[in-house]
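See below for the structure under consideration.
Everything numeric in this text was worked out from a predicted model, so none of it was measured. What's counted below: heavy atoms across the whole structure, side chains too, no hydrogens, waters or symmetry copies.
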Amino acid sequence: MNKKKISKILQCSLILTLFCFLFFQLRCSSERSQRLRIKEYERLISQGAKWVDSFFMSLNPDSIYLDSALVYLNAAAKCECVERDIILYNKGFVYFHKRDYEKAIETIDSIDTEQFALMESIIIEKIKAKRAESCGNMIERDIHYNNIAEEIDRYLSLNQPVFDSIMRLPDKAAIWKDSRFAGLHYLQIYHRAEIIGADRMNRELDSLQTKKSYNKDYIDEVKEDVEKWESGESNFNFPFN
C-alpha cells in the first residue's frame with residue numbers, strides 16, 4: 001500500500017472520528033439543554049404553585065398572589081417541553097379563585113385531552129354554578145349542580161356492572177381507594193345533597209343500599225358526611241369548590 005493511499009485512509013478515518021465526536025457532543029449538548037429546559041419548566045410550575053399556596057395560607061388573601069402565579073404559569077407555557085393541559089388546568093384554577101369565571105371557563109374548555117373530557121365538563125359546570133351563586137341566582141346554581149349529578153349518573157350507568165361490583169366490596173377501604181368510580185359517586189352525592197338537602201339525600205342512599213346491596217358501612221359513612229356538609233362541620237375538598 002503506497003504512502004498516498006495510507007494518507008488518504010488516515011485522513012478519512014480522522015474525518016469520521018471527528019464527525020462522530022462532534023455528533024456525540026451535539027447529542028450530549030442537546031440532552032443537557034433538554035434537561036435544563038425541563039428543570040426550568042418544573043421550577044416555573046413550582047413557583048406558580050407556591051404563590052397559589054400563599055393565597056390560601058394568607059389571613060388576608062389578596063389577588064396579587066394569584067396574579068403572581070399567572071406570571072409563572074404564562075412563563076412556563078413558553079417552554080418547549082410544556083405540558084399544555086397541565087398549564088391550562090392550573091390557569092383555570094387560578095382564574096376561578098380570582099373570580100374571573102369567564103376566563104376560567106374559556107381556559108378549562110381549551111383542554112382537549114380525551115381522557116379529561118368528563119372532568120372538564122364537571123369543572124365547567126362547577127364554575128358556572130359559582131358564577132351564578134356570586135350573582136345571587138341560586139336557581140341557576142342548582143341547575144348547574146344538577147347537571148353535574150346527571151352527567152356523573154350517565155357515566156356510572158354506562159359502567160354499571162363495574163361500578164356495582166366496586167360498591168359491593170366487603171372492605172369499605174377498598175371502595176374509597178377507587179378514585180374514579182367512588183370519587184365520582186361521592187362528588188355526585190355532594191352536589192345532589194346541596195340541591196335536595198341532607199334528609200332526602202340520606203333517604204335516597206338508604207334506598208340505594210337496600211336495592212343494590214351496596215356496602216352498608218360505606219353508605220353509612222357517606223351519610224355521615226352529608227350531615228356534616230349541611231351542618232357546616234365539614235367542607236367538601238374539591239379544587240374548584
Can you see whether H191 engages K126 through a side-chain donor-acceptor pair at a distance of less than 3.5 angstrom? yes
Flag, side chain of S121 to backbone of A117, donor-acceptor distance under 3.5 Å: no
Cut-off 3.5 Å, side chains only: do D225 and Y190 have a donor facing an acceptor? no
Shared ILVMFWY cluster between I189 and I143, side chains joined below 4.5 angstrom? no
Are the side chain of S165 and the backbone N or O of V162 linked by a donor-acceptor pair below 3.5 Å? yes
To the closest 0.5 Å, what do you measure between CG (L44) and OH (Y72)? 8.0 Å
Taking atom CG of N74 and atom CD1 of I87, what is their separation to the nearest 0.5 Å? 8.5 Å
So how far is it from H144 NE2 to I195 CD1, rounded to the nearest 0.5 Å? 11.0 Å
Do the side chain of T107 and the main chain of K103 share a donor and acceptor less than 3.5 angstrom apart? yes
Are Y95 and V71 linked, directly or through other ILVMFWY residues, by side chains that come within less than 4.5 angstrom of each other? no
Under the ring-ring contact (aromatic ring centres under 6.0 Å, His included) rule, what do Y89 and F240 come out as? Steps first, then yes or no, please. CA-CA 11 Å; Y89 179 88; F240 284 82; 5.5 Å; yes
Does A132 offer a backbone N or O that forms a donor-acceptor pair with the side chain of E140 under 3.5 Å? no
Those residues at least two apart in sequence (or on a different chain) that pass side chain to side chain contact (heavy atoms under 4.5 Å, CB included) with N202 are L205, K223, V226, E227
Is the number of heavy atoms from other residues, nucleotides or ligands under 6.0 Å of E114 CD greater than 12? no
Which class fits the ring pair F55 and H97: parallel under 30°, tilted 30 to 60°, perpendicular over 60°? tilted
Verify, without hydrogens or angle tests, whether Q188 (side chain) and A149 (backbone) share a donor-acceptor contact under 3.5 angstrom. yes
Under a plain distance cut-off of 3.5 Å, with no hydrogens placed, do E150 and N146 share a side-chain donor-acceptor pair? yes
Interatomic distance, CZ@R192 vs CG@L187, rounded to 0.5 Å, equals 14.0 Å
Looking at I86, is its backbone amide N or carbonyl O close enough to the side chain of N90 to form a donor-acceptor pair, meaning the two atoms are under 3.5 Å apart? yes
Determine whether N241 and K130 satisfy the following criterion, side-chain hydrogen bond (donor to acceptor under 3.5 Å, both in side chains), listing intermediate values before the conclusion. CA-CA 8 Å; N241 238 31; K130 215 56 163 173; over 6 Å; no
Counting N and O atoms only, with roles assigned by atom type, does the side chain of S46 sit under 3.5 Å from a partner on the main chain of E42, one being a donor and the other an acceptor? no
Closest non-hydrogen atom pair between G92 and A104, with its separation: O-CB, 3.7 Å
May I ask you to check whether F181 and W176 place their ring centers less than 6.0 Å from one another? no
S110 (side chain) donor-acceptor with E106 (main chain) under 3.5 angstrom: yes
Any side-chain heavy-atom pair of F163 and R180 under 4.5 Å: no
Looking at I64, I'd like to know if its CD1 atom is crowded, meaning that more than 12 non-hydrogen atoms belonging to other residues, nucleotides or ligands lie closer than 6.0 Å. no
Taking E230 for the side chain and A198 for the main chain, is one N or O donor matched with an acceptor at less than 3.5 Å? yes
So, do R168 and N215 sit near enough that their side-chain heavy atoms are less than 4.5 Å apart? no
When rounded to the nearest 0.5 angstrom, what distance separates OG in S207 from CD1 in I219? 10.5 Å
Over 12 non-hydrogen atoms of neighbours within 6.0 angstrom of CD1 in I139: no
Check for a donor-acceptor pair, side chain of Y65 on one end and backbone N or O of F56 on the other, with a separation under 3.5 Å. no
